[in-house]
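Comments concern the structure below.
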Protein chains: 2
Amino acid sequence: MLNNSHYIDKLRSSGLRPTKQRIKICEILFNTEKTFHFTINDLVKKISKATNDKISLATVYNTVHAFKKKGYLKEIPINSDQSYFDTNTSHHHHFYDESQKDLIDIDDADVEPVKINTRIPGKKIKSVEVLVKVEDAE
Amino acid sequence: MLNNSHYIDKLRSSGLRPTKQRIKICEILFNTEKTFHFTINDLVKKISKATNDKISLATVYNTVHAFKKKGYLKEIPINSDQSYFDTNTSHHHHFYDESQKDLIDIDDADVEPVKINTRIPGKKIKSVEVLVKVEDAE
DNA sequence: TTCTACATTATAATAGTTCTAAACTGTTGA
DNA sequence: TCAACAGTTTAGAACTATTATAATGTAGAA
C-alpha cells in the first residue's frame with residue numbers, strides 16, 4: 001500500500017472529494033518519475049492491471065475531465081479518433097508520428113519561444129501548442 | 001451557372017473524376033475570395049442551401065477526404081467533437097476560441113518561424129502547426 | 001455503344017464520449 | 001455518533017461523428 005495522503009490532500013485542496021477511485025487514478029497517473037501520454041482507453045487498461053476493483057468507464061471520463069479542469073492533466077490537440085492527455089502539464093510541445101500514432105514530447109529547450117505578434121481584442125491567450133507531425137523519411 | 005471548367009480540369013488533373021457532386025463541392029469551397037474553416041456539418045448545410053440535389057453524407061466525407069489527400073484542404077488539429085478543415089492550404093496557424101468554438105487564421109507574418117532544434121531519427125517533418133487557444137479576458 | 005473501374009447512395013455499423021437516474025459515500029454539523 | 005445532504009460512482013442507454021457495406025449509377029476509354 002502506498003502513501004496516499006499526498007493525493008488526498010491534493011484532491012481535497014482543489015475541492016475534489018478524495019474517493020478511492022480518484023486516489024487510485026492519481027496513483028496510476030502521478031506515481032511515476034516520468035510523465036506520459038495516454039488515451040482514456042490506455043488508462044482503463046492500466047487501471048485493470050493495477051487493481052481488481054474495477055472503475056467504471058464513466059468515472060474514468062469524469063475523473064480525467066476533473067483533473068484536466070484542475071490543471072493536473074493537459075489535453076493535447078491532435079486530429080485523432082480519440083483524445084490524448086498528458087501528465088506533463090509544464091510548457092512543452094509535441095511530435096506526432098501519424099503512422100505509429102505515437103506522441104513524443106519535445107523538450108522545451110529545443111523550441112524557440114513562439115512569438116505571436118497579433119492579438120484578438122477582448123481575448124487573452126490561454127495556451128500556445130505546437131504540434132509537429134512527422135512521417136517516415138524514405 | 002458558373003464556369004466549372006476550371007474545377008473539372010483541377011479534378012481530372014489530380015486523378016479524380018469530375019462528378020457533379022465534386023464540382024458542386026468545389027464551387028462551395030473554392031469559389032470565394034476568402035478562405036474559410038468548416039466542419040463536415042457546416043459543409044452539409046452549405047450544400048443544402050446551395051442546391052436542391054442533395055449530396056449524401058458519405059459522399060461529403062469521401063470528397064473532403066479526397067480533397068485533403070490531394071492537398072486542396074487542410075485538416076486543423078484541435079480537440080473537438082468534430083474535425084475542422086481549412087480551404088486555406090498555405091502555411092499559417094490558428095487561434096481557437098474555445099468558448100465561441102471559433103477558429104481564426106493567424107497571418108503568417110504575425111508569427112515568428114517556429115524553430116525546432118531536435119529531430120526524430122528516421123522521420124521527417126511533415127507539418128508544424130501552432131494552435132493558440134484564447135479565452136475571454138475578464 | 002459497351003465495358004469497366006470509379007463514385008454515389010442509403011443504411012447499417014462502429015467507436016468514442018456523454019447522459020441518466022439510482023445507489024453509494026465523504027463530509028458536515030447537531 | 002449519527003443523520004442529512006451534496007457530491008460521486010455506476011451500468012447501461014443514448015448520442016454523435018465517422019466509417020463500412022453493398023447495391024446502383026456514371027464517367028471515360030475503346
Side-chain angles (χ1 to χ4, degrees), chain A residues 4-5 7-26 28 37-48 51-70 72-73 75-85 98 101, chain B residues 4-5 7-26 28 37-45 47-48 51-70 72-73 75-85 98 101 103:
Chain A
N4 295 321
S5 61
Y7 297 130
I8 293 175
D9 292 347
K10 177 174 177 167
L11 289 167
R12 217 180 318 239
S13 72
S14 54
L16 296 172
R17 285 192 185 165
T19 64
K20 70 178 189 307
Q21 293 87 345
R22 285 173 177 165
I23 294 165
K24 175 57 70 181
I25 291 174
C26 277
I28 291 167
H37 310 119
F38 66 95
T39 64
I40 296 292
N41 190 36
D42 294 337
L43 181 53
V44 167
K45 282 185 201 158
K46 278 173 186 285
I47 291 167
S48 63
T51 180
N52 293 319
D53 317 325
K54 84 179 281 293
I55 298 179
S56 88
L57 184 58
T59 298
V60 178
Y61 274 98
N62 288 343
T63 303
V64 166
H65 287 146
F67 285 7
K68 180 190 166 191
K69 200 168 192 175
K70 296 300 179 185
Y72 304 149
L73 292 173
E75 190 169 2
I76 304 169
I78 314 181
N79 303 106
S80 170
D81 44 350
Q82 47 196 329
S83 294
Y84 280 79
F85 296 90
E98 275 186 315
K101 295 219 167 199
Chain B
N4 295 321
S5 62
Y7 298 131
I8 293 174
D9 293 347
K10 178 174 176 166
L11 289 167
R12 219 183 313 244
S13 71
S14 54
L16 296 171
R17 283 193 186 163
T19 64
K20 69 178 191 307
Q21 292 86 346
R22 285 173 176 166
I23 293 165
K24 175 56 70 182
I25 291 174
C26 276
I28 291 167
H37 309 119
F38 65 94
T39 64
I40 295 291
N41 190 36
D42 293 337
L43 181 52
V44 167
K45 282 186 200 157
I47 292 167
S48 63
T51 179
N52 293 319
D53 318 326
K54 83 180 282 292
I55 298 178
S56 88
L57 184 58
T59 298
V60 178
Y61 273 98
N62 289 341
T63 302
V64 166
H65 287 146
F67 286 7
K68 180 190 165 191
K69 201 168 192 175
K70 296 298 177 184
Y72 303 150
L73 292 172
E75 191 169 2
I76 304 167
I78 313 180
N79 302 105
S80 169
D81 43 350
Q82 47 195 329
S83 293
Y84 280 78
F85 296 90
E98 275 187 314
K101 296 219 167 198
L103 252 182

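The basis for the numbers below is simple: all heavy atoms, side chains too, and nothing from hydrogens, waters or symmetry mates. Each chain gets a letter, A, B and so on, in the order the sequences are listed, and its residues count up from 1.
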For atom [atom1] of [X] and atom [atom2] of [N], their distance in whole Å:
X: R12(B); N: dG28(D); atom1: CZ; atom2: C1'; result: 8 Å
X: D42(B); N: dA17(D); atom1: CG; atom2: C1'; result: 13 Å
X: K54(A); N: dT10(D); atom1: NZ; atom2: P; result: 7 Å
X: D53(A); N: dA11(D); atom1: CG; atom2: C1'; result: 17 Å
X: I78(A); N: dG16(C); atom1: CD1; atom2: C1'; result: 15 Å
X: E75(B); N: dT18(D); atom1: CD; atom2: P; result: 8 Å
X: D81(B); N: dA14(D); atom1: CG; atom2: P; result: 21 Å
X: K69(A); N: dT8(D); atom1: NZ; atom2: C1'; result: 15 Å

I want to check one thing: is the phosphate of [N], taken as OP1 and OP2, less than 4.0 Å away from some side-chain N or O of [X]?
X: T59(B); N: dT9(C); result: yes
X: Y61(A); N: dT18(C); result: no
X: R22(A); N: dT8(D); result: yes
X: Q21(A); N: dT10(D); result: yes
X: T19(A); N: dT8(D); result: no
X: H65(B); N: dT19(D); result: yes
X: K20(B); N: dA7(C); result: no

- [ ] Please list, chain by chain and in numerical order, all residues satisfying side-chain hydrogen bond (donor to acceptor under 3.5 Å, both in side chains) with T63(B), sequence neighbours excluded.
- [x] none
TODO: Using a heavy-atom cut-off of under 4.0 Å over every strand shown, decide if S83(B) touches base, sugar-phosphate, or nothing.
DONE: sugar-phosphate
- [ ] Could you tell me whether L57(A) contacts a base, only the sugar-phosphate backbone, or nothing, with contacts defined as non-hydrogen atoms closer than 4.0 Å?
- [x] base
Starting the side chain at C-beta, find the nucleotide from [options] nearest to [X].
X: P18(A); options: dT8(C), dT27(C), dG28(D); value: dT27(C)
X: S56(B); options: dA10(C), dT8(D), dA27(D); value: dA10(C)
X: Q82(A); options: dT10(D), dT8(D), dG16(C); value: dG16(C)
X: A58(B); options: dT9(D), dT27(C), dA20(D); value: dA20(D)

TODO: Work out which heavy atom in K10(B) is nearest to a heavy atom in Y72(B); give both atom names and the distance.
DONE: O-OH, 3.4 Å
- [ ] Please report the closest heavy-atom contact between H37(B) and L103(B), naming both atoms and the distance.
- [x] ND1-O, 3.3 Å
Open item on the list: I want to confirm an ordering. Mapping G15(A) and I8(B) to their closest nucleotides on DNA chain D, which one lands closer to the 5' end?
Closed with: G15(A)
- [ ] Please answer whether the main-chain N or O of S48(B) pairs with a side-chain N or O of T51(B) as donor and acceptor at a distance below 3.5 Å.
- [x] no
Open item on the list: When you measure from the side chain of R22(A) to the backbone of R17(A), do you find a donor-acceptor pair of N or O atoms at a distance under 3.5 Å?
Closed with: yes
Open item on the list: Quick one, L16(B) and K69(B) - any side-chain contact, counting heavy atoms below 4.5 Å?
Closed with: no
TODO: Using heavy atoms to find the nearest nucleotide of DNA chain C for N62(B) and R17(B) separately, return the residue whose nucleotide is more 5′.
DONE: R17(B)
TODO: Look up atom CG in D42(B) and atom CZ in F85(B), then write down how far apart they are to the nearest 0.5 Å.
DONE: 11.0 Å
Open item on the list: Could you tell me if K46(A) sits above the aromatic ring of F38(A), with its cationic atom closer than 6.0 Å to the ring centre and no more than 45 degrees from the axis?
Closed with: no
Polar pairs (N or O, both sides) under 3.5 Å between protein and nucleotides 1-3 of chain C?
none

